[in-house]
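Below: the structure, in structure tokens.
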Amino acid sequence: MFDKILIANRGEIACRIAATARRMGIATVAVYSDADAGAAHVAACDEAWRLGPAPARESYLNIARLLEVLRESGAQAVHPGYGFMSENEEFARAVAEAGGVFVGPPVAAIAAMGSKSAAKRLMESAAVPLVPGYHGDEQDPAFLRERAAEIGYPVLIKASAGGGGKGMRIVEADADFEAALKSCRREAASAFGSEHVLVERYLRTPRHIEIQVFADSHGNCLHLFERDCSLQRRHQKVIEEAPAPGMDAKRRAAMGDAAVAAARAVGYVGAGTVEFIADTSGEFFFMEMNTRLQVEHPVTEMITGFDLVEWQLRVAAGEPLPVTQEMIGIDGHAIEARIYAENPRKQFLPSTGTLVHLRTPAAVGFSGQGTPALLATQRAGRPEPVRIDSGVREGDTISPYYDPMIAKLIVWGSDRAEAIGRMRRALEGFEVVGPATNVEFLGRLMRHEDFVAGRVDTGLIGRDAGVLVPPVEPPPPRLLAIAAAALLAAEAASDTAPADAWIDPWSRRGGFRIATGRPRSILLETAGESYPVDIEQSRDAVTVRVGEAAFPLEALRYDPGERRLTGRLGEAAFSLGCFVDGERIQLFTAEGPVGFVASSPITHAGAETPDAGQLTAPMPGKLIAVMVAPGAKVRAGEPLAIMEAMKMEHTISAPIAGEVKQVFYAVGDQVDEGAQLIELAAT
């Protein structure tokens, strides 16, 4: 076994690998960019080496520098995690030539499966069913457009070297093909360094089912059953579960056998995933093979009890697999939810910022904040298993340079219904203040009737977007009263005088007045709307009035350390997570997080309404295209500029018809969220 390994990655997967290595007594070497100098994965390893500036091409994708660290650190092997260099044939070969061991498949297997086009041609020769499409080397736009017409719309353009939903576009009509191809190629080049694409028929209601395979250098190859990864937005997975709902034994065996055959066909060694698209009739088609560990590998670990990273390290060291196919069984059901810094109300655009408050449900298993333990022994007494894989801590910053994942929340249940219930409760205990998150959206997804019934497909989220991301409704009076109570409690908690002291009226912030109450009016703003709240406060009583409703407030307490608010409104007690920072109030309710900003009616009176002609950046990122110049006449909905953040593109379109008065930034400029990009005058 290795004495020291280099983890050529960052974030939660680097922390995950370090946890297993620590348990196995293996020293770890972290690498980091300038943006990650204080990151969690740096602290999780025994030593850390700088790679370069924040952009991935100058740091985590810098092969020469990674090899320098390998040599100078004395590491014997490199674990690439997923993403970045995990499926890079050149890097795997360079590691071997430098005398190190690449914890992954042989170079030949990466070459065979690293290109989606080449992999599909190989599977076609092996009689594995494929979705109709073009997977060849000819990349002329006119030629690809002709192939798309032959296949029949809608089609899917997909980066051949891609993954993670990047470099993918659904094209509904021939007129949209050229623009979609250009955008797909730009995104693919940025994320993977290659513009090569394939084109195939887009199945409207498919399921995305993948099989975890594992092989060693002694000729053994097996599978660890399937994962359903159908629930996706922006072509990226957000919920994964194992086993797949509705999967029968015959179909499971057929897909498992096909996956093992695919792995054997390329002489595979290590962990890999064979991905299939399945239609409503039960047929399945080969989609791609990922020659690495997958983001969603924890659900497989939860139902089998095996540590797949440990298997990777042992196989890479030349050991045989510890079990045979007959020894592997399915125990219960596991679900993983990816918690992202993103805004579901802005088409899931990534969000950035500092994690000023981060609270997670109690976790066991592999955790960015905990120590690893064997899952099988954890379940011996059947506790409620909750696992958190995270690469961030409170106070860390979600930057625009990398994937905006905050954590993976994984739960296990004796059956699917129990796992869903546990996931719901765990999401209620996941609190984030700073960047926008998808926690509330995930909670709704866990309650969606089709998901609960196991009726899942890749179009579910888009099809039911109105249910999963509904219009914002006015907060109920009781919630407004609790928000006002939070402000009062936080003010009281910050008093300098002891709790039992009554020295003089100036020693406290409670607003004591002789022989009368203290009236106070505030506005609570949320989701762009403001709501008036009146507070009547005396030495002995507090009443909060919201419209015609009056709420007597008693036993109010805010714990700044635990960040929890308790009290009674009338006859009903409440206890909930709460974060107060100045005038900003964040409440964490069973229905989801709700944020407020408190202000006085006087300061609010002069607020201006945003001008529709001032187009601002919806996220921090780089401006990669500007399609208009001052004086241009544009139609409502016409694309004006394209921004890139976290390797994803976002098109900024004209909200109104008008004339471009000014363009404030040029292609290549890095802009902050909210920066005005274009001034547009209505015509």
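Residues: numbered from 1 along the sequence shown.
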Problem set entry | Criterion side-chain contact (heavy atoms from CB on, under 4.5 Å) on L321 and V315, from CA distance to verdict | CA-CA 7 Å; L321 289 169; V315 166; 3.8 Å; yes
For this session: Kindly indicate, with the supporting measurements, whether the criterion side-chain contact (heavy atoms from CB on, under 4.5 Å) is fulfilled by V323 and W311.
Result: CA-CA 10 Å; V323 298; W311 279 24; 3.6 Å; yes
For this session: Report the C-alpha distance between E275 and Q294 in whole Å, list the side-chain angles of each, state the deciding distance to 0.1 Å, and finish with yes or no for side chain to side chain donor-acceptor pair (under 3.5 Å).
Result: CA-CA 11 Å; E275 303 199 4; Q294 291 278 90; 2.9 Å; yes
For this session: Would you please test M168 and Q236 for side-chain contact (heavy atoms from CB on, under 4.5 Å) and show each step?
Result: CA-CA 10 Å; M168 293 177 63; Q236 288 185 304; over 6 Å; no
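Remark: E644 does not engage K622 in a salt bridge, criterion side-chain N to carboxylate O under 4.0 Å. Of the charged side-chain nitrogens involved, at least one lies within less than 4.0 Å of a carboxylate oxygen, so that E47 and K4 count as a salt-bridged pair.
Listed for the D331 side chain is no donor-acceptor partner under 3.5 Å among the backbone atoms of I303. Under the 3.5 Å distance criterion, the side-chain polar atoms of Q139 are matched with a main-chain donor or acceptor of V197. A donor-acceptor pair is defined here as one N or O able to donate and one able to accept, closer than 3.5 Å; no such pair exists between the side chain of D228 and the backbone of I209. Remark: the backbone N or O of F225 is paired with a side-chain donor or acceptor of H223 at under 3.5 angstrom. A donor-acceptor pair under 3.5 Å is absent between the side-chain atoms of D36 and the main chain of A39, judged by distance alone. A donor-acceptor pair is defined here as one N or O able to donate and one able to accept, closer than 3.5 Å; such a pair exists between the side chain of E138 and the backbone of D140. In this structure, the side chain of T20 does not engage the main chain of E310 through any donor-acceptor pair within 3.5 Å. Side chain of R22 to backbone of A44: a donor-acceptor contact under 3.5 angstrom is found. Not a single donor-acceptor pair under 3.5 Å links the side chain of Q76 to the backbone N or O of F2. A donor-acceptor pair is defined here as one N or O able to donate and one able to accept, closer than 3.5 Å; such a pair exists between the side chain of E394 and the backbone of L358.
Applying the side chain to side chain contact (heavy atoms under 4.5 Å, CB included) test between E210 and each of K237, M255, E288 identifies K237 as the sole match.
Across all their heavy atoms, A77 and L70 have their closest contact at O-CD1, 4.4 Å. V392 approaches A40 most closely through the heavy-atom pair N-CB, 4.2 Å. Contact detail for A94 and I63: the closest heavy-atom pair is CB-CG2, 4.3 Å. Residues M302 and V411 share a closest heavy-atom pair of CE-C, 3.9 Å.
A cation-pi arrangement is not found for R264 relative to Y268, the charged atom failing to lie both closer than 6.0 Å to the ring centre and inside a 45° cone about the ring normal.
A ring-centre distance under 6.0 Å is found for Y134 and F143.
Side-chain contact between V69 and L6 is present, with at least one heavy-atom pair separated by less than 4.5 Å.
Side-chain atoms of Q212 and E301 form no donor-acceptor pair, as typed in the model, at a separation below 3.5 Å. For the residue pair Q312 and H79, a side-chain donor N or O sits within less than 3.5 Å of a side-chain acceptor on the partner. Donor-acceptor pairing under 3.5 Å is recorded for the side chains of R227 and T273. Side-chain atoms of H196 and R185 form no donor-acceptor pair, as typed in the model, at a separation below 3.5 Å. A donor-acceptor pair shorter than 3.5 Å cannot be found between the side chains of S230 and T458.
Every residue two or more places apart in sequence or in another chain was checked for a salt bridge (Lys or Arg N to Asp or Glu O under 4.0 Å) with D216, and none qualifies.
Among residues at least two apart or in separate chains, ring-ring contact (aromatic ring centres under 6.0 Å, His included) pairs with a member in residues 27-76 are Y60-F84, Y60-Y402.
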